[in-house]
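Proteins get letters first, then strands, A, B, ... in listed order; numbering begins at 1 in each.
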2 protein chains.
Amino acid sequence: MARMDVLPVARAYSDIAGLVAAPPRCRNCAVRDSALCSSLDNRELSALSDIGRRRTIPAGQVVSWAGDASSSCANVVNGTLKVTATMADGREQIVGLLFPGDFVGQLFSDETSLTVTALTDTDICSYSRTAFEGLLDDLPRMERMLLKRTMASLNEARDRMLSLGRKNAQERVAGFILDLADRSGREEHDGSIHVHLPISRGGMADYLGLTIETVSRQLTNLKSAGIISFAKGDRECRILDRDQLEDIVNPA
Amino acid sequence: MARMDVLPVARAYSDIAGLVAAPPRCRNCAVRDSALCSSLDNRELSALSDIGRRRTIPAGQVVSWAGDASSSCANVVNGTLKVTATMADGREQIVGLLFPGDFVGQLFSDETSLTVTALTDTDICSYSRTAFEGLLDDLPRMERMLLKRTMASLNEARDRMLSLGRKNAQERVAGFILDLADRSGREEHDGSIHVHLPISRGGMADYLGLTIETVSRQLTNLKSAGIISFAKGDRECRILDRDQLEDIVNPA
DNA sequence: CGGAACGTTGAGCATAATCAACGACTGTGG
DNA sequence: CCACAGTCGTTGATTATGCTCAACGTTCCG
């Protein structure tokens, strides 16, 4: 056997007393414990890593166009993506936002119906769709995790159908801010909650089924009411009165 | 061994040369080849059948309330159900319609967030959620089928997000009729397409994120334009000009 | 410095909601 | 049998919500 200092790279994949180390690319991966990979042991992870490839996508670039062949899927490692449905005349609806740890791709289908675009510089771990599907047969825990996540996405989508179908502009904007707060809000020493808005006003409009102007006006309203605060044109927002925000989202 | 004419009932479950017959309840089931069960061989089907129970739900009755414990799931055998999300003040959005062969239930979750209601007298094959989840571990083909169906539902939900967020009333109503035509329309000898509307005007409103009056007016508009026809207040509808309907749904 | 994004604000308008009335049909009870 | 209430669908008048169009300020970058 080669000594480890002689073949340090090879060692990563070698089997020592039945144990396998994580592949080098995965070892310090930010989403090793939250993405689908978290369902895998090191041996399984190696198999997945073998078909995976790290890619960096610059902000604004489209990862996959609606209508393209569904040839790949990926885990989001870093950054933010939007998933959009569009009409022939250009109307656009953001049907999902993707954050680190999320899975993206249309499996078991030869064509995509949605467009995926990077909102920030984004790192993904990308797989050939067919290779991934093939591996899925041998990784039941990952398949189960994917099933659970898909079900969660479906629930989320249904929540948003209620928003888009039945809520007014103020309720939609307030709900969006609260959702963000629940996902990634940081409570400050003064009790306010700091929220980073991952998308522009135009993005919020496309997400909420509104126009830019309406979103801007509703944010201004909430600010005037002392419920939130933000610097003019800023993507950083502070929730000053969460209770009132919740009253708006869930009226009697 | 007992001769088969001595124990005819037992024979259904007996193993003859390694083969198992389908459980009696399943043998003439209308959805044996389309529901999740279609992924199972007779032996597996027996295991599923053992934990299943046939129920008939009268039209109008709620099968499961949002907020209830998620204690069961089911295959739809016959009839139509609606899945709704509601707000505290009564606003309602239909997030899905269920037809024979569809699966219903929130797995891997202790509480439901959606209400399921029978629109017609409905037969379902109902399972304890935990028992079903347990069985899923041993039925990989069924799990895979469930995964595919959940993904399909997610795609459908995202399509509807585009409708609810970005389409006007006429486009939503026209799109709804076309979707129904694709699902269950019957082409007539004269080239028209016969479509049965599975829900009332109020149901269509709740499905499309509109009001009853707006739905009624849009249907009248389509009738006046000679694109569809229906008797006043009728749930049967004929598409006279499918191309024009498609032009409405997908404008340049 | 000029242009392009982006966000805000105002004025006017269009779409769909609201409020209201009415006809058709169904089932119930007198 | 008929009167009645209840449900469902249609249609009209009015209103309100959010869209469209427009102008303007700021920031960023070539």
Quiz item: How many Å lie between CE on A:M204 and C1' on C:dC6, as a whole number?
Solution: 14 Å
Self-check item: Contacting residues from residues 210-235 of chain B, given that a heavy atom lies under 4.0 angstrom of DNA chain C
Solution: B:L210, B:T211, B:E213, B:T214, B:R217
Quiz item: To the nearest Å, how far apart are B:L208 CG and C:dA17 P?
Solution: 11 Å
Quiz item: So which of residues 159-180 of chain B are in contact with DNA chain D, with a heavy-atom cut-off of under 4.0 Å?
Solution: none
Exercise. Please identify each residue that fulfils salt bridge (Lys or Arg N to Asp or Glu O under 4.0 Å) with A:R129, with sequence neighbours left out.
Key: A:D110, A:E133
What pairs of donor and acceptor atoms, side-chain ones from residues 115-123 of chain B against any protein atom, are under 3.5 angstrom apart with sequence neighbours left out?
from, atom 1, to, atom 2, distance (Å)
B:T115, OG1, B:A66, N, 3.0
B:T120, OG1, B:T80, N, 3.1
B:D121, OD1, B:A59, N, 2.7
B:T122, OG1, B:T80, O, 3.4
B:T122, OG1, B:T120, O, 2.7
B:D123, OD1, B:T56, OG1, 2.7

Quiz item: Under the salt bridge (Lys or Arg N to Asp or Glu O under 4.0 Å) test, which residues partner A:E188, sequence neighbours left out?
Solution: A:R186
Quiz prompt | Of all pairs that satisfy salt bridge (Lys or Arg N to Asp or Glu O under 4.0 Å), the ones with a partner from residues 74-94 of chain B, not counting sequence neighbours | solution = A:E171-B:R91, B:K82-B:E92, B:D89-B:R91
Quiz item: Can you name the salt bridge (Lys or Arg N to Asp or Glu O under 4.0 Å) partners of B:D182, sequence neighbours left out?
Solution: B:R242
Quiz prompt | No-hydrogen, no-angle side-chain donor-acceptor test under 3.5 Å, B:R55 and B:S126 | solution = no
Practice problem: Not counting sequence neighbours, which residues clear ring-ring contact (aromatic ring centres under 6.0 Å, His included) with A:F132? List them please. | Solution: A:F103, A:Y127
Expected list for residues 174-181 of chain B: side-chain donor-acceptor pairs under 3.5 angstrom, two or more places apart:
none

Self-check item: Qualifying residues under salt bridge (Lys or Arg N to Asp or Glu O under 4.0 Å), relative to B:D234, sequence neighbours excluded
Solution: none
Quiz prompt | Outermost nucleotides of DNA chain D that come under 4.0 Å of a non-hydrogen atom of chain B | solution = D:dG9 to D:dA13
Quiz item: A:G60 near the nucleic acid: base, sugar-phosphate alone, or nothing, with a heavy-atom cut-off under 4.0 Å?
Solution: nothing
Quiz item: Who passes side chain to side chain contact (heavy atoms under 4.5 Å, CB included) against A:E213, sequence neighbours left out?
Solution: A:T211, A:R217
